[in-house]
Amino acid sequence: MKRIAAALFTVLLAPALLASGAGSVPSMNTRSPHDMAVDFYNGAERRLEKLTKLHEEMKGEKDSQKAANLQQKINKGLEAAAADLQRAVQNDPMLYQAYSELGFTLRKLGKYSESLDAYNKALEIEPGFSPAIEYRAEAFLGLNQLDEVKKAYTMLFGGDRPRADILMVSMKSWIADRRANANGLDAEKLDEFAKWVEQRETIAGQTTALTQATANFRSW
């Protein structure tokens, strides 16, 4: 997710006012709620960028104790990012990007129902926001709500193909996980969903090859 640009007044207009002798630049305490929301959002984004690197380090760690320590550090970082994002939406309830990222942090903490509330709020404000659609679908996977996952994939396939490809990778990984641990999912439903995913992957392969590089997407 990209960071949001700072307020134009602070970046562009304030220096001109000072040069003209029009007065001093407003202090941080007088900044608008939206500007403060953007600051909290961007702070959370910086945290998440660091956590992405930690996650990659954890995946390559062979020592189980070191991996567990890294996961604990990641969880603490996610909690801090979630707190920043909560502050962001409190200052600007229309900042849909912050709701989407809040959903991501909550989902990674295993709080699927709460993450859905955040994703739904983002999409209530901006219905076509594809990152929230894809992230929400992964939350639906965590809750075994497969019909909702199908709807999301179909929507993304027609509107944001790279995001649909990322979701395809997540669906295949989820199927493998559920084969090993059903987690309450009926075997027949899992087989039906796996068949549906296989069919959609075939269709995707007949149009454009699945996205190979995921550098522009958060891969965890």
Side-chain angles (χ1 to χ4, degrees), residues 1-6 32-55 71-157 159-160 162-171 173-174 177 183-184 214 216-220:
M1 190 74 65
K2 294 181 179 179
R3 297 179 196 168
I4 299 175
S32 72
H34 172 75
D35 289 341
M36 295 176 68
V38 168
D39 284 345
F40 283 123
Y41 172 86
N42 287 336
E45 286 300 287
R46 287 189 289 270
R47 289 183 188 276
L48 291 173
E49 287 172 7
K50 293 178 181 178
L51 293 179
T52 298
K53 295 177 182 178
L54 277 182
H55 182 262
Q71 183 62 66
Q72 186 177 27
K73 186 179 293 187
I74 289 170
N75 288 345
K76 288 182 178 179
L78 287 168
E79 290 170 356
D84 279 343
L85 292 164
Q86 289 282 10
R87 295 185 185 100
V89 297
Q90 286 168 2
N91 278 279
D92 185 354
M94 298 303 290
L95 195 64
Y96 60 89
Q97 299 97 326
Y99 279 112
S100 181
E101 290 293 77
L102 177 59
F104 174 84
T105 60
L106 293 171
R107 176 167 59 86
K108 286 302 176 181
L109 288 167
K111 301 177 180 180
Y112 293 110
S113 295
E114 293 177 50
S115 74
L116 283 179
D117 290 340
Y119 290 134
N120 288 339
K121 186 62 179 179
L123 293 170
E124 177 184 323
I125 299 168
E126 188 66 24
F129 191 51
S130 59
I133 295 171
E134 194 271 320
Y135 287 154
R136 184 176 66 170
E138 296 201 33
F140 282 134
L141 282 173
L143 293 169
N144 295 335
Q145 296 184 20
L146 303 183
D147 287 342
E148 296 297 334
V149 178
K150 291 178 181 179
K151 291 177 186 177
Y153 178 81
T154 302
M155 184 182 300
L156 289 170
F157 192 83
D160 189 340
R163 287 279 174 188
D165 290 347
I166 295 298
L167 180 56
M168 172 60 72
V169 173
S170 296
M171 291 189 296
S173 176
W174 177 88
D177 289 343
N183 196 26
T214 61
N216 293 328
F217 299 91
R218 191 170 291 130
S219 58
W220 60 294

Determine, step by step, whether Trp174 and Asn144 satisfy the side-chain contact (heavy atoms from CB on, under 4.5 Å) criterion, reporting the C-alpha distance in whole Å, the side-chain angles of both residues, the deciding distance to 0.1 Å, and the verdict. CA-CA 10 Å; Trp174 177 88; Asn144 295 335; 3.2 Å; yes
What verdict does the side-chain contact (heavy atoms from CB on, under 4.5 Å) test give for Ile133 and Leu167, after you've listed the backbone C-alpha separation in whole Å, the side-chain angles of each residue and the deciding distance to 0.1 Å? CA-CA 10 Å; Ile133 295 171; Leu167 180 56; over 6 Å; no
Quick one: do Phe140 and Asp147 satisfy side-chain contact (heavy atoms from CB on, under 4.5 Å)? Show the steps, please. CA-CA 9 Å; Phe140 282 134; Asp147 287 342; over 6 Å; no
List the steps, then state whether side-chain contact (heavy atoms from CB on, under 4.5 Å) holds for Gln97 with Phe129. CA-CA 9 Å; Gln97 299 97 326; Phe129 191 51; 4.1 Å; yes
Sequence neighbours excluded and cut-off under 3.5 Å, please list the side-chain donor-acceptor pairs for residues 73-84, or say none.
residue, atom, partner, partner atom, Å
Asn75, OD1, Gln71, NE2, 3.0
Asp84, OD1, Arg87, NH1, 3.1
Asp84, OD2, Arg47, NE, 3.1

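The shortest side-chain heavy-atom distance between Ser173 and Asp177 falls under the 4.5 Å cut-off. Using a 4.5 Å heavy-atom threshold, the side chains of Tyr135 and Glu101 count as touching.
Only one option out of Arg107, Arg136, Glu134 pairs with Tyr119 in a side chain to side chain donor-acceptor pair (under 3.5 Å); it is Arg107. Under the side-chain contact (heavy atoms from CB on, under 4.5 Å) rule, Tyr112 has a single partner from Leu143, Leu106, Leu141, which is Leu143.
Residues passing the side-chain contact (heavy atoms from CB on, under 4.5 Å) test with Asn183 are Arg178, Asn181, sequence neighbours excluded. For Thr154, there are no side chain to side chain donor-acceptor pair (under 3.5 Å) partners two or more places apart in sequence or in a different chain. Taking the ring-ring contact (aromatic ring centres under 6.0 Å, His included) definition, one finds that Phe157 meets it with Tyr153, sequence neighbours left out. Lys111 pairs by the side chain to side chain donor-acceptor pair (under 3.5 Å) definition with nothing, not counting sequence neighbours. Glu124 meets the side-chain contact (heavy atoms from CB on, under 4.5 Å) test with Lys121; sequence neighbours excluded.
The shortest heavy-atom contact between Ala122 and Ala132 is CB-CB, 4.2 Å.
The structure places CG of Leu123 at 7.5 Å from OG of Ser100, a figure rounded to the nearest 0.5 Å.
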